[in-house]
There are 2 protein chains.
Amino acid sequence: MQIVEAAAKLFSEKGFDGTSIDDIAEACGVAPGLIYHYFDSKADILRALIEQKAFLPKMAEILKTPPKATVEETLTELAYAMWEMLEERREMALMMHGEMQRNPEVVKVIGRVIRTGIRLLSEYLNAQKSEGKLRDDLDPEIFVRTFWGAIFESFFAHHKLSPFVRRIPPKRLVQGLVRLLLYGAINPPNQSELKGESKR
Amino acid sequence: MQIVEAAAKLFSEKGFDGTSIDDIAEACGVAPGLIYHYFDSKADILRALIEQKAFLPKMAEILKTPPKATVEETLTELAYAMWEMLEERREMALMMHGEMQRNPEVVKVIGRVIRTGIRLLSEYLNAQKSEGKLRDDLDPEIFVRTFWGAIFESFFAHHKLSPFVRRIPPKRLVQGLVRLLLYGAINPPNQSELKGESKR
DNA sequence: ACTTATTGAGTGAGCGTTCAATCAACAAGG
DNA sequence: CCTTGTTGATTGAACGCTCACTCAATAAGT
């Protein structure tokens, strides 16, 4: 449906309220009245958009993928898959990001997606904890929210804050992020190890 | 200036385009025409808002604070200060977050703030690297963007996604985040250490 | 012939903004 | 002390424009 595509793009650029039916019709090369042949209202377009470009099924799919041999590999793959999903639905993601401010429906949808992401990945992390691969004192929720947070932040900065904030290529982001979250920033050798222990 | 306060709140709730002059006037208990006694236009209110509630000076101030004895303490303090700054300017932060979608001026301001944050904290991290306290292979930019990203994400979720996404108390967030980023999630003991080395 | 797609004019509401009129406070002059 | 003048604050009606939406008429497809 061309109308929906055009709307997604315009909503992501000008916001819902800042986009008129005329804008959308013009982008599609049709008369404004035609929009109402297919949709009941402007809000209906947004609803159709949200439904058509649902994140949840794809998110669940990504997170249901059988884990790799190591936590590092698993997270690396997840991060790439997530970035890719966001890119596929770029305009949708950007639009919803902007709209969550004023639209309770959008808030609900975003909330559900994020909560699912947190839940599923936390389960995986807890399993790894049980196997002794991760720290006992690791807070899975903090980990997950930091992980997803960094990916989203980078994605949005990539598309909305450039050229004011430098773009980090996904490859560099994913590798750097996974390493940072798994191994930390502190230098492992002698004195730092001493210090680490006194903190715990 | 009461008009600006009211506008900030409304912009953060309904967006710039979704907020009318009538809305603002009503919230102030004055007639719509009075707004134009003080401001040239609706956009002028936004401009005044951005100027009045500038983040940059405060951000610079926070980041110019002399570091603490350890990286952990320094980052902990920074994170709390940042959260506090966001809370003080809650409506401003939320409004700008929503507006960056459609307003180049807002993008510019946000971009500048973030870039400054990245620059200043990266400098600190690089200094710590030189002293051997942090890993040689640490990417400061990834660290910083993950750090700030997690704080912002949590802040916005706190205010916009609740009750769909659980709120993490700032104290838990800051402690969990700093620990995660410094010490990582991987269990330090024997087998995990072996695995860690084969990866590098 | 019938159905679907499409148009463009029109409608009423809402919007940002203007502005003449009014009011209140204060200062200056008689 | 009273009156007049000035200034800033405030109002609500009005203006021109935009907006989402409607709909009769026409075109296109089967």
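Since the structure is predicted, the reported quantities are computational estimates derived from the model, not experimental observations. In the text below, chain A, chain B and the rest are named by the order of the sequence lines, each starting its count at 1.
Taken to the nearest 0.5 Å, the OG atom of B/Ser154 stands 4.5 Å off from the CH2 atom of B/Trp83. In this structure, CZ in B/Phe143 is found 10.0 Å from CG in A/Leu181, a value given to the nearest 0.5 Å. Here A/Asn187 contributes atom CG and B/Glu131 contributes atom CD; the two are 12.0 Å apart, rounded to the nearest 0.5 Å. Atom CZ of A/Arg172 sits about 5.0 Å away from atom CD1 of A/Ile168, to the nearest 0.5 Å.
B/Phe152 is not listed as a side-chain neighbour of A/Glu153, based on a closest heavy-atom distance of 4.5 Å or more.
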Can you give me the N/O atom pairs linking the protein to nucleotides 4-12 of chain C at distances under 3.5 Å, or say none if there are none?
unit_1: C/dA5; atom_1: OP2; unit_2: A/His37; atom_2: NE2; d: 2.7
unit_1: C/dT6; atom_1: OP2; unit_2: A/Tyr38; atom_2: OH; d: 3.0
unit_1: C/dT7; atom_1: OP2; unit_2: A/Ala31; atom_2: N; d: 2.7

Please tabulate, one pair per line, each protein N/O and nucleotide N/O from nucleotides 17-20 of chain D that are separated by under 3.5 Å, including the distance.
unit_1: D/dA20; atom_1: OP1; unit_2: A/Thr19; atom_2: O; d: 3.4
unit_1: D/dA20; atom_1: OP1; unit_2: A/Lys42; atom_2: NZ; d: 2.6
unit_1: D/dA20; atom_1: OP2; unit_2: A/Ile21; atom_2: N; d: 2.7

Under the criterion salt bridge (Lys or Arg N to Asp or Glu O under 4.0 Å), I'd like the reasoning laid out for A/Glu88 against A/Lys53: C-alpha separation, chi angles, the key distance, then a yes or no. CA-CA 10 Å; A/Glu88 275 169 15; A/Lys53 308 272 183 174; over 6 Å; no

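Looking at A/Ile114, A/Val113, A/Leu120 one by one, the single match for side chain to side chain contact (heavy atoms under 4.5 Å, CB included) with A/Thr116 turns out to be A/Leu120.
Geometric assessment of A/Lys42 against the ring of A/Phe16 yields a positive cation-pi assignment under the 6.0 Å and 45° thresholds.
Following rounding to the nearest Å, B/Glu26 (CD) and C/dC15 (C1') show an atom-to-atom distance of 15 Å.
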